[in-house]
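Taking it in order: structure first as structure tokens, then the write-up.
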Amino acid sequence: MNIRFYNSMTRAKEVFKPLSGKRVGMYTCGPTVYNFAHIGNFRAYVFEDLLRRTLEFFGYQVTQVMNLTDVDDKTIRGAKNAGIPLDEYTEPYKNAFFSDMAALRVERAEVYPAATDHIPEMIELIQTLLGKGVAYKSPDGSIYFSIDKFPDYGKLSKVDLDSQRAGERVKLDEYAKDSVADFALWKAWDEDDGDVFWESPWGKGRPGWHIECSAMSMKYLGETFDIHTGGIDNMFPHHEDEIAQSEAATGKTFVNYWLHCGYLVVNGEKMSKSLGNFFTLRDLRENGWRDREIRAALLSGHYRKMLDFSERLLEQTRSVLKSLDGLFDRLSRRVSSSSFDTPEGSLGDAVEGAGKVFAESIADDLNVAGAWAAVHALAKQANKALDSNEVSARDAELALDTFRKFDRILAVLDVPSGDGGANGVPGEVASLVERRSAARKAKDFASADAIRDELLALGWTVKDTPDGAVVTPTATSPPGK
RNA sequence: GGCGUGGUGGCCGAGAGGUUAGGCACUGGUCUGCAAAACCACGUACACCGGUUCGAAUCCGGUCCACGCCUCCA
């Protein structure tokens, strides 16, 4: 099956063709580790995970590189304010980033290069650019890229620099740069940098932000690679500058497919640290939301669209997952309790149909809504078949396997493995359930209801099914909701 | 000012000239001692005004509104 992606460079959906067979090289802009990442940041990482999992689903072997920006204005300022060395300052944020990513079930990239470990590569790239005459040294010892020497500048973001309004900031740098849009490849050391600097052929200093992505992506993926992603706010100037540096240095196309995800917004406004309208994974957990609910909420809409992240969205997501959990539970019980003698094939068509819709949707520029529709279509058919007792153990296992397959991409369904049944129910709970069943049999409904309340207090919900009582852990609700 | 994105039923959210997207919630029903779950039923929705067309949420022109980038930002 052809996979199609919307390529920001051409502004059109294109059939994806990797450079070499089934191998895909992919670079994803990572975090600047000066603080905890917020949920808006994670929207991008979850989108990239969706992309990666989709490629793997279709048999591609992905080499993903995600950088860690551990030297820039913010990290330097943070370390200085804290009175500790730069690496000591960034370390906890790196760790928090990885633990949050794992919680959101983001598959690990193959390489996580840190900027501070790749200064020599950056210096080398800058020297190449100086040698080609597309970069120049300013009086203060900084090195700038000259966008006038790169005619293609603006081809990704389609900006026309001549029509850009010069910002306030420009005044500060005017004396040092030939042109306002020129950007720093190397920043000469100044007092504010403290002891953060590296030696270079142009004196001590530190790299500019954009150069790290060019140097590290090309080091690990080659001068031309398949996919580069990031949030749409990185398109200009960051990705534009990466293209300029890389292509000016190599003379080759830097990246074949550019994919950008839309913003995560709160009440219609972009979530950002400067606006103060952000929350972290920790904040959401404190409000009672589970990691998988958060991931599912992030996967509720198309990656290129704005996503309005709200309590209501999380509530809706919780409802969806809860009802699917119920189905998986029913199917698991059927696998373990039923024999293979019920009529077969009642779910075969539904499985096939859902699988087709799922694959076609996700292959079409990661249309996750279509994929969800496939999940729901199969869920409805399975529930119906279970209601009319037409599901054999084999059918149930087939359905569960299909959901597991879908979950290789979604990673939120949590389809139980193995033979399900009553495992994980504490003895105390099990005996209460038994006593309640006995009471019901004796038509002693007052006792039965009392025991049900008792179980609820212990965190277990009872459902009476034709096959007997079933207990499941009660879903917790966020406080005050 | 330049460039860009978007406005779909109470809410979320696909679609992109003709065929029910899907989900959440609500309401009614089936089932049930009750409850829960599940299933069934129920919404002619596409910002506004023109135009093209046999036919437009989808194409064209205009208008309004919202958001974003142009400064670090996923």
Side-chain angles (χ1 to χ4, degrees), chain A residues 11 28-32 34 37-48 69 72-74 77 154 157-170 172-173 180-181 209 229-238 240 260-265 267-275 278 297 300-302 304-308 310 312-320 322-327 329-330 357 361 364 367-377 379-380 382-388 440 443-446 448-449 452 456 461-466 469-470 472 474:
Chain A
R11 306 278 161 112
T28 53
C29 284
T32 301
Y34 74 106
H38 60 61
I39 202 70
N41 302 129
F42 285 117
R43 197 239 170 140
Y45 305 135
V46 168
F47 143 64
E48 286 150 3
T69 301
D72 79 321
D73 291 350
K74 282 175 284 200
R77 196 191 314 135
S157 54
K158 322 291 183 218
V159 299
D160 172 14
L161 287 169
D162 293 338
S163 62
Q164 296 289 304
R165 180 194 278 177
E168 302 292 306
R169 179 196 61 83
V170 173
L172 298 168
D173 287 342
V180 292
W209 175 41
T229 70
I232 189 125
D233 47 354
N234 271 163
M235 195 155 92
F236 186 87
H238 183 53
E240 201 69 70
H260 293 95
C261 70
Y263 295 114
L264 183 141
V265 302
N267 296 323
E269 282 187 316
K270 181 186 172 188
M271 179 178 284
S272 73
K273 297 208 164 135
S274 51
L275 281 172
F278 67 94
S300 65
H302 189 87
R304 275 190 281 121
K305 279 207 166 179
M306 244 179 1
L307 175 69
D308 204 328
S310 63
R312 184 142 192 190
L313 174 66
L314 286 163
E315 278 160 17
Q316 292 190 4
T317 305
R318 172 170 287 175
S319 292
V320 172
K322 193 179 160 204
S323 85
L324 290 171
D325 285 346
L327 169 62
D329 195 45
R330 292 181 86 187
V357 169
S361 299
D364 180 18
N367 183 350
V368 77
W372 277 113
V375 169
H376 288 122
K380 179 162 280 190
N383 268 318
K384 249 199 248 196
L386 283 161
D387 280 356
S388 51
R440 286 186 70 226
K443 305 268 187 222
D444 179 4
F445 297 120
D449 289 350
R452 180 160 62 197
L456 201 58
T461 300
V462 191
K463 295 177 194 170
D464 296 315
T465 74
V470 168
T472 48
T474 308

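Here the structure is a predicted model, which is why all the values come from computation and not from measurement. Residue numbering restarts at 1 for every chain, and letters A, B, ... go by the order of the sequence lines. Hydrogens, waters and symmetry mates are skipped; everything else that's a heavy atom, side chains included, is used.
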Among B:A14, B:G10, B:C69, the one nearest any side-chain atom of A:N367 is B:A14
- [ ] Determine the Euclidean distance between corresponding P atoms of B:U30 and B:A45; express it in Å to zero decimal places.
- [x] 30 Å
### Query
Within less than 4.0 Å of OP1 or OP2 of B:A37, is there a side-chain N or O belonging to A:N383?
no
Heavy atoms of A:L324 and A:A379 approach each other most closely as CD2-CB, 3.8 Å
Base, sugar-phosphate alone, or nothing: which one does A:R452 contact when heavy atoms must sit under 4.0 Å apart? base
Which of B:C11, B:C67, B:C72 is nearest the side chain of A:Q316? It is B:C11
When rounded to whole Å, the NZ to P distance for the pair A:K384 and B:U30 reads 19 Å
Problem set entry | Distance below 4.0 Å between A:K463 side-chain N/O and B:A38 OP1 or OP2 | no
Just checking A:H260: base, sugar-phosphate only, or nothing, at a heavy-atom cut-off of under 4.0 Å?
nothing
Between NZ of A:K305 and P of B:G68 the distance, given in whole Å, is 17 Å
Point to revise | Whole-angstrom distance between B:C70 and B:C60, as gauged at atom C1' | key: 30 Å
So for A:D72 and B:C72, does any side-chain atom that can act as donor or acceptor lie under 3.5 Å from a complementary atom in the base? no
request  = Tell me what A:I232 touches on the nucleic acid: a base, only sugar-phosphate, or nothing, going by heavy atoms under 4.0 Å.
outcome  = nothing
What one should report as the nearest heavy-atom pair of A:V462 and A:A469 is CG1-CB, 4.0 Å
Checklist line | Sugar-phosphate only, base, or nothing, as touched by A:Y45 at under 4.0 Å among non-hydrogen atoms | finding: sugar-phosphate
At under 4.0 Å between heavy atoms, what does A:G268 touch on the DNA or RNA strands: base, sugar-phosphate, or nothing?
sugar-phosphate
**Message:** B:A36, OP1 or OP2 - any side-chain N/O from A:K322 closer than 4.0 Å?
**Reply:** no
Note: for A:A448 and A:E269 on RNA chain B, the residue whose nearest nucleotide lies more 5' is A:A448
Item to complete: For nucleotides B:A66 and B:C31, find the distance between their C1' atoms and express it as a whole number of Å.
Response: 47 Å
Closest to the side chain of A:A369, out of B:A21, B:C39, B:G23, is B:A21
Result for side-chain hydrogen bond (donor to acceptor under 3.5 Å, both in side chains) between A:R330 and one of A:D325, A:T465, A:N383 points to A:N383
Exercise. Check every strand shown and say whether A:S323 touches a base, only sugar-phosphate, or nothing at a heavy-atom separation below 4.0 Å.
Key: sugar-phosphate
Winner on side-chain proximity to A:L307, out of B:G33, B:C39, B:G13, is B:G13
To the nearest angstrom, the CG-C1' distance between A:D387 and B:A36 comes to 14 Å
With P as the reference atom in both, quote the distance from B:C39 to B:G23 in angstrom, rounded to an integer. 9 Å
By the Watson-Crick or G-U definition, both distances under 3.5 Å, B:U5 is matched with B:A66
Assert: residue with more 5' nearest nucleotide on RNA chain B, out of A:R440 and A:S319, is A:S319
Winner on side-chain proximity to A:K380, out of B:U8, B:G23, B:C69, is B:G23
**Nearest-Å distance once atom P is located in both B:U52 and B:A57** = 16 Å
Base, sugar-phosphate, or nothing: which does A:V470 touch, judged by heavy atoms less than 4.0 Å apart? nothing
Regarding A:M235, tell me which of base, sugar-phosphate or nothing describes its non-hydrogen contacts under 4.0 Å with the strands shown.
nothing
Open item on the list: Distance criterion of 3.5 Å, no angle test: do you see the side chain of A:D449 paired donor-to-acceptor with the base of B:G33?
Closed with: yes
Item checked: A:D449 vs A:R452, salt bridge (Lys or Arg N to Asp or Glu O under 4.0 Å): CA-CA, chis, key distance, verdict -> CA-CA 5 Å; A:D449 289 350; A:R452 180 160 62 197; 3.3 Å; yes
